[in-house]
Amino acid sequence: MILKFLKTLDRRIIFLFMAIAVILPTITGQRFPVQPSPMTDDFASVLKELKSNDTVLLSADYDPGSQAELQPMTLAFMKYCFDNNIKVVTMALWPLGSKLIESALNHDRIYIPREKAIELMSKGKNVYVISKKRSGAEEKIEKRGNKYIFIRDNNQGEESILNNEDKYYVKGLYSIYDDIKYGVDYLDIGYKVGGLVVIQGIVNDFEETVKTDTLNNKSVLDYPITRNIKNLKDFSAVFTISSGNMGIKEWVVYGNGPTGVKVLSGVTAVSAPEFLPYLTSKQLSGLLAGLAGAAEFEAATNYYEGEASKGMTPQSYAHLVIIFFILLGNGVYITEKYFIKE
Amino acid sequence: MKRSIPIFITFVSAVIMIVFYFLNQDIESVKKFQAGILNWVSIIAAFALLLGIFNLLFVNFYKLRRFNKDSIYSLVLIVSFLTITISGLVDDTSATYSWMFENMLRPLSSTMFSLLAFYVASAAFRAFRAKTKEATFLLVAAFIVMLGRVPVGAMIWGKIPLISNWIMAYPAASAQSAIMIGAALGAVSVSLKIILGIEKTYLGGEE
């Protein structure tokens, strides 16, 4: 009876277990410690070799479908570069990649400690809070005199205190920096149609291939950050955040192949094994694999309250649920094969 | 004629690209010629994108005209497509366009991707069986890698991440290398067949 039930187990029961495994730790906020793996350590050490004022090319070769795994890499990588005065030129071989870079800079939540929130408010920046003791919804904090006013949905707001337990954040990486200047520390050249042809073009002649930036539609020669970039060799490294074709493979073959430029990459977990040979042959200088890779990178660079690190607890439980059901399925199979006589 | 011309264009383009790949890239004329070819490829790729858009719209308008219970999906696609396209064309930095991207496209795409977790769990329960020695090895390796890639693995036993990293770095990477070399040799052979006009299926239609 039980065997028959398990054999024909309704998939909705499995879905329910999976949903509970993901939702519960997300609600409770339980956190498991994340330790960087050797693969992520190698990635971080390549980044640490970069010097102040070096220029890197960040290619966002993914779309919102894989953002859960890849967007935290974009955030952590750009934050590391800005913190260490490494200049970043961004582009995309996927149409929506460029928009995701914009989201990282202007829209995504960047969690900050309470002290940083106070510092940013004093500089007139918009800081938001999610307070469990209050509504648990997003509220904007405004400093009026010595009081902190929590404002929700354009209301007048209420006076409140800044608790250590509450979550403070700003929207977009730009909000936590005063000294990051477009065209000097960072430049967006946007989505480029053509895939590997674009890479080959940049290998030969950066300015001829790219021509203008996206924000002002001005020649890249007008910006200090790209004025001396003639071709791909002039970048200290390329970081491709890739979830398929065009992406990591094309940057390795057509970027690293002819120029030897260091290619780093972040990929979804499911595709990571495909690119391991590039790593062992040193054609790829570093690889972040999936949400785990992103979380490990956050840990390696001391990224505060990263989305990837938060996601590792639900992912841990989800893996346990999958393992449990595989064991259950095999238990049923073995019992039926060896212990039940026809 | 309908087939000879595309085969001739394919042959000439391929030979040019191969020859120029091996020429000194610093020679100005080589650089200029290659830049021209690359521009052509970009233009063709842009037209391919346009063709894809028209095809998508044509297919869905056709489905909508036939009107059945699934027509609503075509209607949603057409309306969403036009809304996003028009607002993007008017001003892709506008608040409306950004709002649609941040609050509709991003969550919807993520939701589609996250459904994988549910289907993987269900499929693994039904199909992942230790029926043979090889399947059992695969199963054990999968358990170790799945646990090794999440923090809970180290909490169960400290050596799980180490074994997981070893599996990824040696058996998985070498097997993948073998697959890649095999696929690359296959690609070379198919490419040669296409260049020499032996393989014509990419042209579509009947022989």
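Of the listed residues A/Ala292, A/Gly194, A/Gly290, A/Gly65, the one with more heavy-atom pairs under 4.5 angstrom with chain B than any other is A/Gly65. Listed options A/Asn204, A/Val198, A/Leu320, A/Val203 were ranked by heavy-atom pairs under 4.5 angstrom with chain B; first place goes to A/Asn204. For the set A/Thr209, A/Leu279, A/Leu96, A/Ile334, the entry with the most heavy-atom pairs within less than 4.5 Å of chain B is A/Leu96. Ranked by non-hydrogen atom pairs under 4.5 Å with chain B, the options A/Ala318, A/Pro38, A/Gly201 are led by A/Pro38. Between chain B and the residues A/His107, A/Lys192, A/Lys99, A/Met18, the most heavy-atom pairs under 4.5 angstrom are made by A/Lys99.
Neither the backbone nor the side chain of A/Asn231 comes within less than 4.5 Å of any heavy atom in chain B. In this structure, no portion of A/Asp63 lies under 4.5 Å from any heavy atom of chain B. In this structure, the portions of A/Asn330 lying under 4.5 Å from any heavy atom of chain B include both its backbone and its side chain. At a 4.5 Å heavy-atom cutoff, A/Ile199 makes no contact with chain B through either its backbone or its side chain. Looking at A/Ala269, there are no atoms closer than 4.5 Å to chain B (heavy atoms on both sides), in backbone or side chain. With a 4.5 Å cut-off on non-hydrogen atoms, A/Gln200 touches chain B through its backbone and its side chain both. With a 4.5 Å cut-off on non-hydrogen atoms, A/Ala295 does not touch chain B at all. Using a 4.5 Å cut-off between heavy atoms, A/Val321 makes no contact with chain B at all. If you measure heavy-atom distances from A/Leu9 to chain B, the contacts under 4.5 Å come from both the backbone and the side chain. Contacts between A/Tyr278 and chain B at a heavy-atom distance below 4.5 Å involve the side chain alone, from C-beta outward. Contacts of A/Gln71 with chain B are made by side-chain atoms alone, with heavy-atom separations under 4.5 Å and no backbone atom involved.
Residues B/Phe143 and A/Leu327 have side chains in contact (heavy-atom distance under 4.5 Å, counting atoms from C-beta outward). Looking only at side-chain heavy atoms (C-beta outward), B/Val41 and A/Leu196 stay at 4.5 Å or farther from each other. Under the 4.5 Å side-chain criterion, counting only non-hydrogen atoms from C-beta, A/Arg12 is not in contact with B/Phe118. Residues B/Arg149 and A/Ser37 are in side-chain contact: their nearest non-hydrogen atoms beyond the backbone lie under 4.5 Å apart. Using a 4.5 Å heavy-atom cutoff, the side chains of B/Phe113 and A/Glu69 are in contact. For the pair B/Phe101/A/Glu102, no side-chain contact is recorded, criterion being any heavy-atom separation below 4.5 Å from C-beta on. Residues A/Ile322 and B/Phe125 have side chains not in contact (no heavy-atom distance under 4.5 Å, counting atoms from C-beta outward). The shortest distance between side-chain heavy atoms of B/Val150 and A/Met312 falls below 4.5 Å.
Judged by distance alone, with hydrogens and angles left aside, the side-chain atoms of A/His319 form no donor-acceptor pair with the main-chain N or O of B/Leu147 at under 3.5 Å. Side chain of B/Arg106 to backbone of A/Leu100: no donor-acceptor contact under 3.5 angstrom is found.
Not less than 6.0 angstrom separates the ring centroid of A/Phe325 from the ring centroid of B/Phe128.
Within 6.0 Å of CZ in B/Phe11 there are 12 or fewer heavy atoms belonging to other residues, nucleotides or ligands. Residue A/Lys211 qualifies as enclosed at atom NZ: its count of foreign heavy atoms under 6.0 Å is above 12.
Residues B/Met180 and A/Glu274 come closest through the heavy atom pair SD-O, 3.7 Å. Contact detail for A/Val34 and B/Pro151: the closest heavy-atom pair is CG2-CG, 4.2 Å. Taking every heavy atom of both residues into account, B/Ala130 and A/Tyr333 meet most closely at O-CE2, 4.0 Å.
Looking only at atom types and distance, the side chain of B/Glu102 has a donor-acceptor partner in the side chain of A/Ser103 under 3.5 Å away.
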